[in-house]
Engineer: 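Would you mind keeping the following structure in view while I ask a few things?
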Amino acid sequence: MFHTPSLSVELMFDAPEVSEMRMLQIHSDGFAFEAKRKALKNAEKVDSKSYSTKESCLVNFIAAETSDTKNIAQAAKMTAQMIAQAAEEVKEKKIIVYPWVHLSETPAQPGSALKLLKLVEKQLVKDGFDVLRIPFGWYKSFMIHCKGHPLAERSKVLDISKAVETDEEVTEGEDLTAIKAEEEAHSKFYIFTPDGVVTEVDKFDYTGHEELRLYVKYETAKDRTAQEPPPHIELMKNLELVDYEPGSDAGNFRWPPRGYTLKRAIEERVTREMVDYGAHVVQTPLIYDYEHPSLKSYLQRFPSRQYVVRSGQRDYFARFSACFGQFLLLSQATISYKQLPLKMFEIAPSFRREQSGELAGMRRPRAFTMPDIHEIVADVKMAKEAVNNQIQFVEKLMQELELNYEVSFRVLKEFYEENEDFVKGIVKRIGKPVMIEIFDERYAYFLFKGEWNVVDDQEKAACLGTIQIDVENAERFDIKYIGEDGQEKRPLILHTSPSGSIERILYGVLEQANKDKKKGIKPMLPLWMTPVQVRLLPVDDMLIQYAIELGKVLDRYGIRYEIDDRSMTLGKKIRSAEKLWVPYICVVGKREQETGELAVRIRRVKEQAKMTIEQLAEEISEKTDFAPKQQLLLPSLISRQPIFSREV
RNA sequence: GCCCCUGUAGCUCAGACCGGUUAGACCGCCUCCUUGGUAAGGAGGAAGCCGCGGGUUCAAAUCCCGCCAGGGGCUCCA
């Protein structure tokens, strides 16, 4: 595609990358071996440690190369073919498969090598040969008597890079259009700055834009170096926010009350913003019919990664986004041009059956909660206006999440050329350098896509908010509006997630907190979403009642608090609150009761302050006034709370 | 999905390579003492299908095979 075939082979496969399983073949009169002792800890189990025959046989010494492990089945198949061909040439029915690692300088891992040899054996047996596979992982003695004819000793190298393509596994209902299209698309990557300057990504000076550099590196080089688990995983458990659920499928999580409080706070925040934006809020089903014509065609755009739900004799798929329900609803709605732009919003679970190896904590689960807005517009002009409007709330929400983010846009070349001013206007609005990918051919349903990404501690990037101009699905789902002239018209659709999934937001804020921690800043969750905003610590049992009275004041302000009424030392209560990153920790003792002023440990400023409960409540209210009041979803007395996964 | 590593008390982790008393430790939990002033007060106690299922062995947390889960790499991320 990009290169001539011969050139591309050279570029793609450096010498050590070529798969060259090595094999030495000896046509022998008789063969014998004896397994002496294990060479590997997990050597293959053997029924008989020795074997001897006087019969003629074709002995194949085989060393699997590292490169064979890329496609063991393919390597095995070709190896078996080579052996079968050689056997037929010398008219031999008896075949010995002998593992001999010393033929290779870069051998495969034992497990892969054994797997390969077993597959070779299986194939040859299937082809009707009498096969003996010599046990793997032992030091062995052997005897061989080479026949000495011209074809009796040969060495071979398997070159898997020359393999013909075999049938790709295709699941029913799947076609590879999207993948193929993406492979064929050409893309160029640039950095756009707010002043309108365009620079190729590798020529841009990233000084002062370290995270942008990391993001670009991730997107273009796909460089992965992480060894450690992502830090947010330990944090989410210790803060008792989310945890794995062993009783469910991989990638499905449970939310104890603290985490659920945070989750709901975010959901409510995003929903309010969408209602303010003028959205119609809906709820649509979680499962959909594979056979529905529009859905069938939509599914064919993507590899099948769905959860399948059986109902009676029929299979349904769990939705992987909110698009279906909204499109189906819109397709039956009577929409006038007077109602455009029409905004539909939904926040609900979605399911993507990601490959097991792709799952990673909250960065990539299989079940997640996605806020999704679709904005129906008449034409490209209106779409561009909508993008400009949407950018405002996406930027606002991203800033409220208090995390560093990098913005990128992916634009069809043709669209870019016609709308250069629009794109540059957006970058100006973003106010910092952004990465822009310009692609030649449309490989998905969008011709324009904005992404708000975070870069984590492992230097991996993940997309949160996104805005896309969809030019395909209005037609696919037969969504139309009635124009001024009374005629049905086909609209464009903006697909937007204002914030990204709630799970990924949590991933983002925890990774951000971890980055802060490494810089010596106390890690925190944004005040408006943190489950517990205030902890009241009565110094002794006599003061619990007073703390409860103080709590009632906080209730009036809609502030989430706990009272540590456990029988432990003050030092321990403070430690417990600090471990949970509680932003305001108030000691409630006789002094406070007498003066009416609390001693407040303020996490953000690492200092104590004296203030009344009303002053504290005012301060928190003021800092969180943009967010709906979310209740704490567990009893405020800590003595009444079980421990789900927190430490103290 | 493939490859590598890991899975022991609620948590974090010893023990495993080299099979053999009653599987340990910190934190947490429970009981008692202590009623405390800004990141761990003291004493005692309970708590384990050693991930699951097979196998080898007189004997398995330990060795072998399979499966599941978590992490990393590849691929992928609509």
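Sequence lines set the chain letters: A, B, ... in the order given, protein chains first and strands last, and positions in each chain run from 1.
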Engineer: Can you tell me how far C1' of rC68(B) sits from CZ of Arg366(A), to the nearest Å?
Structural biologist: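 Between C1' of rC68(B) and CZ of Arg366(A): 12 Å.
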Engineer: Just to be sure I understand the rule, does Gly251(A) reach a base, reach only the sugar-phosphate, or reach nothing, if contact means heavy atoms closer than 4.0 Å?
Structural biologist: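 Sugar-phosphate only.
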Engineer: Please report, rounded to the nearest Å, how far the C1' atom of rA78(B) is from the OH atom of Tyr288(A).
Structural biologist: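 One finds 16 Å between C1' of rA78(B) and OH of Tyr288(A), rounded.
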Engineer: Please report, rounded to the nearest Å, how far the C1' atom of rG73(B) is from the CD atom of Gln458(A).
Structural biologist: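 After rounding, the reported distance stands at 12 Å.
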Engineer: May I ask you to say what Pro246(A) touches in the nucleic acid, namely base, sugar-phosphate or nothing, with a heavy-atom cut-off under 4.0 Å?
Structural biologist: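 Touches nothing.
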Engineer: So, OP1 or OP2 of rA78(B): does either fall under 4.0 Å of a side-chain N or O from Ser321(A)?
Structural biologist: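 Checking rA78(B) against Ser321(A), no side-chain N or O comes under 4.0 Å of OP1 or OP2.
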Engineer: Let's see if you can work this out: which of rC74(B), rA69(B), rG71(B) has an atom nearest to the side-chain heavy atoms of Asp249(A)?
Structural biologist: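 Of rC74(B), rA69(B), rG71(B), rA69(B) is nearest to the side chain of Asp249(A).
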Engineer: For the residue pair Ile602(A) and Tyr584(A), establish whether any side-chain heavy-atom pair is separated by less than 4.5 Å.
Structural biologist: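 Of all side-chain heavy-atom pairs linking Tyr584(A) with Ile602(A), at least one is under 4.5 Å.
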Engineer: Give none if rU57(B) has no partner; otherwise give the nucleotide forming a Watson-Crick or G-U wobble pair with it, both distances under 3.5 Å.
Structural biologist: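 Result: none.
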Engineer: Taking only the C1' atom of each, what is the distance from rA25(B) to rG72(B) in whole angstrom?
Structural biologist: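 Taking atom C1' in both rA25(B) and rG72(B), they lie 29 Å apart.
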Engineer: Less than 4.5 Å apart, any side-chain heavy atom of Glu459(A) and any of Tyr218(A)?
Structural biologist: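 No, too far: nothing below the 4.5 Å cut-off.
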Engineer: Contact between Leu239(A) and Leu510(A) at the side-chain level, heavy atoms closer than 4.5 Å - yes or no?
Structural biologist: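 Yes, at least one pair of side-chain atoms sits under 4.5 Å.
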Engineer: Atom NZ of Lys237(A) to atom C1' of rA69(B): distance rounded to whole Å?
Structural biologist: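 Those two atoms, NZ and C1', are 11 Å apart.
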Engineer: Which nucleotide sits closest to the side chain of Lys449(A): rG1(B), rA78(B), rG28(B)?
Structural biologist: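 In terms of side-chain proximity for Lys449(A), the closest of rG1(B), rA78(B), rG28(B) is rA78(B).
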Engineer: Scan nucleotides 45-52 of chain B against the protein and return all N/O pairs shorter than 3.5 Å with their distances rounded to 0.1 Å.
Structural biologist:
none

Engineer: Would you mind reading off the distance between Glu245(A) atom CD and rC68(B) atom C1', rounded to a whole angstrom?
Structural biologist: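 Roughly 14 Å, once rounded to whole Å.
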Engineer: Is a side-chain donor-acceptor pair under 3.5 Å present for Ser408(A) with Glu406(A)?
Structural biologist: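 Looking only at side-chain atoms, Ser408(A) and Glu406(A) do not form any donor-acceptor pair under 3.5 Å.
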Engineer: When you measure from the side chain of Glu354(A) to the backbone of Leu359(A), do you find a donor-acceptor pair of N or O atoms at a distance under 3.5 Å?
Structural biologist: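 Between the backbone of Leu359(A) and the side chain of Glu354(A) there is no qualifying donor-acceptor contact (under 3.5 Å).
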Engineer: Does Tyr244(A) lie flat on the base of rA69(B), that is, centres under 5.5 Å apart and planes under 30° off?
Structural biologist: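 Not stacked by the 5.5 Å and 30° rule.
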Engineer: How far does the C1' atom of rA23(B) sit from the matching atom of rG48(B), given to the nearest Å?
Structural biologist: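 One C1' to the other, the span is 9 Å.
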Engineer: For the residue pair Gln641(A) and Arg646(A), establish whether any side-chain heavy-atom pair is separated by less than 4.5 Å.
Structural biologist: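 The answer is yes, as the side chains (C-beta and beyond) meet within the 4.5 Å cut-off.
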Engineer: Tell me which nucleotide, if any, is Watson-Crick or G-U wobble paired with rC74(B) when both distances must be under 3.5 Å.
Structural biologist: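 rC74(B) is paired with rG1(B).
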Engineer: Can you figure out which of rG71(B), rG1(B), rG72(B) approaches the side chain of Lys460(A) most closely?
Structural biologist: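 Closest nucleotide among those given: rG72(B).
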Engineer: Let me know, please, whether Phe253(A) or Gln468(A) comes out on the 5' side of the other along RNA chain B by nearest nucleotide.
Structural biologist: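 Looking at RNA chain B, the more 5' nearest nucleotide goes with Phe253(A).
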Engineer: Is a side-chain N or O of Ser497(A) found less than 3.5 angstrom from the main chain of Pro371(A), in a donor-acceptor match?
Structural biologist: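 Judged by distance alone, yes, a pair lies under 3.5 Å.
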Engineer: Provide the distance between the two C1' atoms, one in rA14(B) and one in rU62(B), to the nearest whole Å.
Structural biologist: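 Between the two C1' atoms, the distance is 14 Å.
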Engineer: Please report, rounded to the nearest Å, how far the C1' atom of rG70(B) is from the CD atom of Glu228(A).
Structural biologist: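 The distance from CD of Glu228(A) to C1' of rG70(B) comes to 14 Å, rounded to the nearest Å.
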Engineer: I'd like the P distance from rA16(B) over to rG54(B), given in whole Å.
Structural biologist: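 Each nucleotide's P atom is 26 Å from the other's.
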Engineer: Salt bridge check: are Lys449(A) and Glu437(A) linked by an N-O gap of less than 4.0 Å?
Structural biologist: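 Between Glu437(A) and Lys449(A) there is no salt bridge, as every charged N stays at least 4.0 Å from the carboxylate O atoms.
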Engineer: Any donor and acceptor pair, going by atom type alone, linking the side chain of Glu240(A) with main-chain N or O of Gly259(A) inside 3.5 Å?
Structural biologist: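 No.
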Engineer: For rG44(B), which nucleotide in any strand shown is its Watson-Crick or wobble partner with both distances under 3.5 Å?
Structural biologist: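 Across any shown strand, rG44(B) pairs with rC30(B).
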Engineer: Taking the C1' atom in each of rA43(B) and rU38(B), what is the distance between them to the nearest angstrom?
Structural biologist: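 26 Å, rounded to whole Å.
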Engineer: With both distances kept under 3.5 Å, what pairs with rG7(B), Watson-Crick or G-U wobble?
Structural biologist: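 rC68(B) - that is the nucleotide pairing with rG7(B), both distances being under 3.5 Å.
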Engineer: With a 3.5 Å limit on both atom pairs, tell me what rG36(B) is paired to, counting Watson-Crick and G-U wobble, or say none.
Structural biologist: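 The answer is none; no pair meets the criterion.
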Engineer: Rounded to the nearest Å, what distance is computed from the CZ atom of residue Arg442(A) to the C1' atom of nucleotide rA78(B)?
Structural biologist: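 So the two atoms are 13 Å apart, to the nearest Å.
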Engineer: Looking only at atom P, what distance separates rU6(B) and rC18(B), rounded to whole Å?
Structural biologist: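 It works out to 15 Å between them.
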Engineer: Expressed in whole Å, how much space separates the P atoms belonging to rC65(B) and rA9(B)?
Structural biologist: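 Each nucleotide's P atom is 24 Å from the other's.
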Engineer: Kindly indicate whether the side chain of Glu234(A), heavy atoms from C-beta on, has any atom under 4.5 Å from the side chain of Pro229(A).
Structural biologist: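 Side-chain contact under 4.5 Å: no.
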Engineer: Within the 4.0 Å heavy-atom criterion, would you say Glu647(A) contacts the bases, only the backbone, or no part of the nucleic acid?
Structural biologist: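 If one applies the 4.0 Å heavy-atom cut-off, Glu647(A) turns out to touch the sugar-phosphate alone, with no base involved.
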Engineer: At under 4.0 Å between heavy atoms, how does the protein contact nucleotides 33-42 of chain B? Give one character per nucleotide, 5' to 3', with B, S or -.
Structural biologist: -BBBBBBBB-
Engineer: Which residue, Phe351(A), Tyr307(A), Tyr298(A), Phe324(A), forms the ring pair (Phe, Tyr, Trp, His ring centres under 6.0 Å) with Phe317(A)?
Structural biologist: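 The passing option is Phe324(A).
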Engineer: Do other residues, nucleotides or ligands put more than 12 heavy atoms under 6.0 Å from the CZ atom of Arg604(A)?
Structural biologist: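 12 or below, so no.
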Engineer: When the distance from CG of Leu464(A) to P of rC77(B) is rounded to whole Å, what number comes out?
Structural biologist: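 So the CG-P distance, Leu464(A) to rC77(B), works out to 18 Å.
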Engineer: On a whole-Å scale, what distance lies between the P atoms belonging to rG41(B) and rC26(B)?
Structural biologist: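 My reading of the P atoms in rG41(B) and rC26(B) gives 16 Å.
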